[in-house]
Protein chains: 2
Amino acid sequence: MKLHFSAGSPFVRKCMVVAHELGIADRFELLPAAAHPVKRDARIIESNPLGQVPTLTCDDGTVLYDSRVICEYLDAEFGGALFPAAGPARWRCLTEVALADGMTGAALLARYETAARPAPTQWPDWIDGQLAKVHSGIAWLDHAAPGFGDRVDIGTIAFGCALGYVDFRFPQVDWRAASPATAQWFARFSERPSMQQTVPKG
Amino acid sequence: MKLHFSAGSPFVRKCMVVAHELGIADRFELLPAAAHPVKRDARIIESNPLGQVPTLTCDDGTVLYDSRVICEYLDAEFGGALFPAAGPARWRCLTEVALADGMTGAALLARYETAARPAPTQWPDWIDGQLAKVHSGIAWLDHAAPGFGDRVDIGTIAFGCALGYVDFRFPQVDWRAASPATAQWFARFSERPSMQQTVPKG
């Protein structure tokens with residue numbers, strides 16, 4: 001399998017954490033990619049019109065994206081149990097993924113505001129609005145995290161990648177003081193080899 | 001069931017098209033919502049920290065989001081067959097949803113650029129980059145649409161809502177001339193009652 005990859009992408013990380021949990025991370029050939037919202041990467045667009053990572057090309061040529069689809073595919077194809085089967089547990093878990101992905105997407109948009117835009121076109125209210133989603137999500141997590149126990153599934157993996165991305169790109173955001181339960185859960189979850197082997201770089 | 005609703009949201013529309021196809025659209029109580037990336041709507045945040053529509057509250061109080069999760073839940077709960085079961089057909093169909101949602105999200109970001117931002121902070125390159133995703137997606141569709149036949153599933157529904165949103169917010173974008181197969185498929189798909197009853201307004 002070939003994976004359009006970026007070592008700084010939180011959505012790529014989610015797929016790689018899943019792959020490590022399933023014991024199949026060494027089956028990927030990682031393809032270099034430079035996804036960007038304005039300077040689009042033609043190498044990715046050949047496979048995925050959105051020009052985004054992660055994009056997975058299976059051995060039979062089938063192309064899969066985005067991260068949610070890739071994660072569910074890997075779990076089903078390689079005998080995992082990271083996605084609950086249909087029923088209340090599945091809907092709850094997928095809603096957690098949607099929250100985590102929404103927090104991650106908001107953090108990415110906040111990051112683009114300063115990393116991609118010319119200074120005169122930066123709008124602080126946009127950054128505040130996006131980071132407000134992150135803070136609301138962490139506040140929700142602080143009620144939920146004490147109930148996570150030792151859960152390792154697509155919901156907790158997505159939260160781990162979301163918080164890891166906030167720390168990576170917004171180290172000045174001190175969310176731990178107001179959210180001790182989340183901080184405690186994240187510290188423990190981050191010790192997993194799958195998280196250690198996918199720490200963002202870039 | 002209660003649904004945080006906006007008549008202009010393409011992601012709400014996707015859920016409503018699914019509901020109409022399943023014959024359950026009359027079971028929703030529609031809650032007013034004014035989701036916005038900067039002026040966040042506290043009424044939604046009570047249920048969904050992202051403050052986004054669609055957000056579904058089930059009769060037992062369970063809260064589900066985002067649109068992908070709601071659509072899959074409705075399909076499973078109310079006996080639909082809009083989501084293929086695990087296997088190649090599922091991964092192909094979910095990747096189509098990811099493409100359609102990516103096109104829709106890109107169009108939304110292009111729209112926010114002029115609808116939400118103060119004029120001095122608008123950046124034309126951003127709009128061009130986002131609409132380039134839409135155009136790449138439509139070019140892909142023009143190869144795929146001739147093979148859609150009479151498919152009515154979450155993939156084709158998502159494409160219908162994506163194209164409908166482009167027409168709604170970017171009527172000046174003339175995509176039909178270069179993409180006749182997509183135009184022909186979309187014209188036929190748009191005749192479905194589920195599409196007719198959910199035409200965007202705003």
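Since we're looking at a predicted model, the values are computed, not measured. Basis for what follows: all heavy atoms, side chains included, without hydrogens, waters or symmetry-related copies. In what follows, chains carry the letters A, B, and so on, assigned in the order in which the sequence lines appear, proteins first and then strands, with residues in each chain numbered from 1.
- A:Leu109 touches chain B through its side chain: at least one heavy atom from C-beta onward sits under 4.5 Å away, while N, CA, C and O do not.
- Only the side chain of A:Gln52 comes within less than 4.5 Å of a heavy atom in chain B; its backbone stays farther off.
- Taking A:Thr62, A:Thr95, A:Asp128 one by one and counting their heavy-atom pairs under 4.5 Å with chain B, the maximum is reached by A:Thr95.
- In terms of heavy-atom pairs under 4.5 Å with chain B, the best-connected choice from A:Lys39, A:Arg117, A:Gln130, A:Lys133 is A:Arg117.
- Each of B:Ala132, B:Ala76, B:Ala116 has some count of heavy-atom pairs under 4.5 Å with chain A, and the biggest count is that of B:Ala132.
- Using a 4.0 Å cut-off between a side-chain N of Lys or Arg and a carboxylate O of Asp or Glu, B:Asp153 and B:Arg151 qualify as a salt bridge.
- Heavy atoms from other residues, nucleotides or ligands lying under 6.0 Å from CD of A:Gln184 number 12 at most.
- Among B:Val69, B:Thr121, B:Ile138, the residue making the largest number of heavy-atom pairs under 4.5 Å with chain A is B:Thr121.
- Counting heavy atoms of neighbouring residues, nucleotides and ligands inside a 6.0 Å radius, atom CG of A:Asp26 exceeds 12 of them.
- For A:Glu113, the part lying under 4.5 angstrom from a heavy atom of chain B is the side chain only.
- Looking only at atom types and distance, the side chain of A:Trp140 has no donor-acceptor partner in the side chain of B:Asn48 under 3.5 Å away.
- Contacts of A:Pro120 with chain B are made by backbone atoms alone, with heavy-atom separations under 4.5 Å and no side-chain atom involved.
- Between A:Asp142 and A:Arg176, no side-chain nitrogen of the basic residue sits less than 4.0 Å from a carboxylate oxygen of the acidic one, so the salt-bridge criterion is not met.
- In this structure, no portion of B:Val97 lies under 4.5 Å from any heavy atom of chain A.
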Report task. Decide yes or no on side-chain contact (heavy atoms from CB on, under 4.5 Å) for B:Met195 and B:Phe186, but give the supporting numbers first. Result -> CA-CA 10 Å; B:Met195 290 291 285; B:Phe186 182 54; 4.2 Å; yes
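- Of the listed residues (B:Trp126, B:Tyr73, B:Tyr65), the one with the most heavy-atom contacts under 4.5 Å to chain A is B:Tyr65.
- Heavy-atom pairs under 4.5 Å with chain A were tallied for B:Gly51, B:Ala98, B:Gly105, B:Gly87; the largest tally goes to B:Ala98.
- Note on A:Arg68 versus B:Asp66: salt bridge recorded, some NZ/NE/NH1/NH2 to OD/OE distance being below 4.0 Å.
- The contact between A:Asp125 and chain B is made by backbone and side chain atoms together, counting heavy-atom distances below 4.5 Å.
- With a threshold of 4.5 angstrom between heavy atoms, A:Val134 does not approach chain B through any atom at all.
- Using a 4.5 Å cut-off between heavy atoms, A:Arg40 contacts chain B through its side chain alone, with no backbone atom that close.
- Ion pairing of A:Glu72 with A:Arg90 is present here, as a side-chain N (NZ or NE/NH1/NH2) and a carboxylate O approach within less than 4.0 Å.
- Chain A forms more heavy-atom pairs under 4.5 Å with one residue of B:Leu94, B:Asp60, B:Ile70 than with any other, namely B:Leu94.
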Report task. Evaluate side-chain contact (heavy atoms from CB on, under 4.5 Å) for A:Tyr165 paired with A:Met103, printing each intermediate quantity in order. Result -> CA-CA 10 Å; A:Tyr165 186 71; A:Met103 294 163 64; over 6 Å; no
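- A:Tyr112 and A:His36 have tilted rings, their planes meeting at an angle from 30° to 60° on a 0 to 90° scale.
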